[in-house]
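In each ligand, atom 1 is the first atom listed, and ligand 1 is the first ligand listed. Only this structure's heavy atoms are used, side chains among them; waters, hydrogens and symmetry mates stay out. Please read all numbers here as calculations on a predicted model, not as lab measurements.
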Amino acid sequence: MKPSKVGVLGATGAVGQMFCRMLEHHPWFEVAIVGASEASSGKRYRDAVTWRLESSMPSGVADLTIQSCVPEVFEGVDLVFSGLDSTVAHVKELAFAEAGFTVVSNASAHRMHPDVPLVVPEVNGDVLRSLSQPWSGQLVTNPNCVVIPLVMVLKPLVDVFGVGSVHVTSMQALSGAGYPGVSAMDSTGNILPFIPGEEPKIETEPLKILGRDLAIRSTAVRVPVRHGHLLSIHLGFEGATPSVNEVSQLLQTFETPSWMKGCPSALDKVLKVYDDPMQPQPRFVEQEGQGMAVHVGRIRGEGPLGISLMALGHNTIRGAVGCALLNAEVLALHQS
Ligand code: NAP
């Protein structure tokens, strides 16, 4: 299959750079147009961008000229990925959807819009198979980087055991704040006990994805780790608390839906469950499934106090760009 040409909005930013990196050798999509603010447009990508990722800048985008983020200049592509700053994503993403483009966004602007699906494909990706929206194009979003590992763990437990309450503390890596992010003076040898704007997203987005009215209390802190958000989760159940073994078995058998097989970025088993109490650790987060897996460990508890466990996801891969890419793959698979 010849790869289809796609665009990246906000291509110069932290998320945009990751889009360019993850699309570099993608078998279905090829980056043909990159867009950013007026301050960058007209410049060559390699000249405008300070490349912050560990791998080198993809040669396919390095010599592209950065364009303004307006639909007219993106003619020739059907799909755009958005890593736009949330303040501008609101207007610009709608303009693209109204102009007939498929917009696959990682920004928060439209996540809770009633006409916009908020999707983690392994959990609720079937909503993409029969999409009906008021625009001539389409607009699809993925959730916050903590919500992705959280709903992956919650989905089987909610369905089988009836989860009633969730307390989650997310220990969030520095790369989640973009670049330059948190100052070295604040982050070195320190933990910041509050991340503005994070907790409400973690308490509301899972309800839309799971279609359930769960009570979620979230605490979000910034820790001096490069990549990988570690979640300490405590679950209360509607009925009797299941055993540690039942929870572990259920999470181990959570499989990617069979209709997603064929998506290049999908793992057969997205949840990796550990018995070793020293796992999961952020420093190993890229070793399994190239950053697309969600790691679960320290399952413990039982009795009236419920079950506690830890989950870990790579925040800019599984928690952001990888999820958007998977959404685009599901759309391509079912709308071609
Ligand atoms: P960022 O580094 O500040 O990048 C923002 C991008 O938006 C840049 O390409 C910037 O272009 C472009 N932009 C800004 N104003 C614009 C305008 N008026 N018109 C067109 N383009 C404009 O931000 P980020 O960290 O990549 O985050 C991008 C989005 O993803 C945000 O909505 C954020 O909430 C979300 N997100 C981020 C992370 C993360 O880990 N960082 C995780 C999940 C979600 P210039 O370079 O030309 O200014």
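Using a 3.5 Å distance cut-off with no hydrogens or angles, the side chains of Ser175 and Thr316 do not pair a donor with an acceptor. Between the side chains of His229 and Ser170, no donor N or O sits under 3.5 Å from an acceptor N or O.
Once rounded to the nearest 0.5 Å, the distance linking CD of Gln138 with CG of Asp78 reads 10.5 Å.
The backbone N or O of Leu267 lies less than 3.5 Å from a partner atom in the side chain of Thr256, making a donor-acceptor pair.
Within the 4.0 Å heavy-atom criterion, the part of Thr316 lying near ligand 1 is the side chain and not the backbone. Of all the heavy atoms of Ala14, the ones lying under 4.0 Å from any atom of ligand 1 are found in both the backbone and the side chain. With a 4.0 Å cut-off on non-hydrogen atoms, Val88 touches ligand 1 through its side chain and not its backbone. Contacts with ligand 1 closer than 4.0 Å are made by heavy atoms of both the backbone and the side chain of Ser37.
Heavy-atom proximity to atom 40 (O) of ligand 1, evaluated over Ala320, Ser175, Ala173, Ala11, is greatest for Ser175.
Within ligand 1, counting atoms from 1 as listed, the ones closer than 4.0 Å to a heavy atom of Ala107 are 32 (O).
In this structure, Gly83 is part of the shell of residues with a heavy atom less than 4.0 angstrom from ligand 1. Within the structure, ligand 1 has Lys92 among the residues with a heavy atom less than 4.0 angstrom away. Contact annotation: Ala39 has no heavy atom less than 4.0 Å from any atom of ligand 1.
Salt bridge status for Arg212 with Asp159: present, with a side-chain N to carboxylate O gap under 4.0 Å. Ion pairing between Lys269 and Glu122 fails under the 4.0 Å rule for side-chain N and carboxylate O.
Taking the six-membered ring wherever Trp is involved, the centroid distance between the rings of Trp135 and His113 falls below 6.0 Å.
For atom 23 (O) of ligand 1, the nearest protein heavy atom is 4.0 Å or more away.
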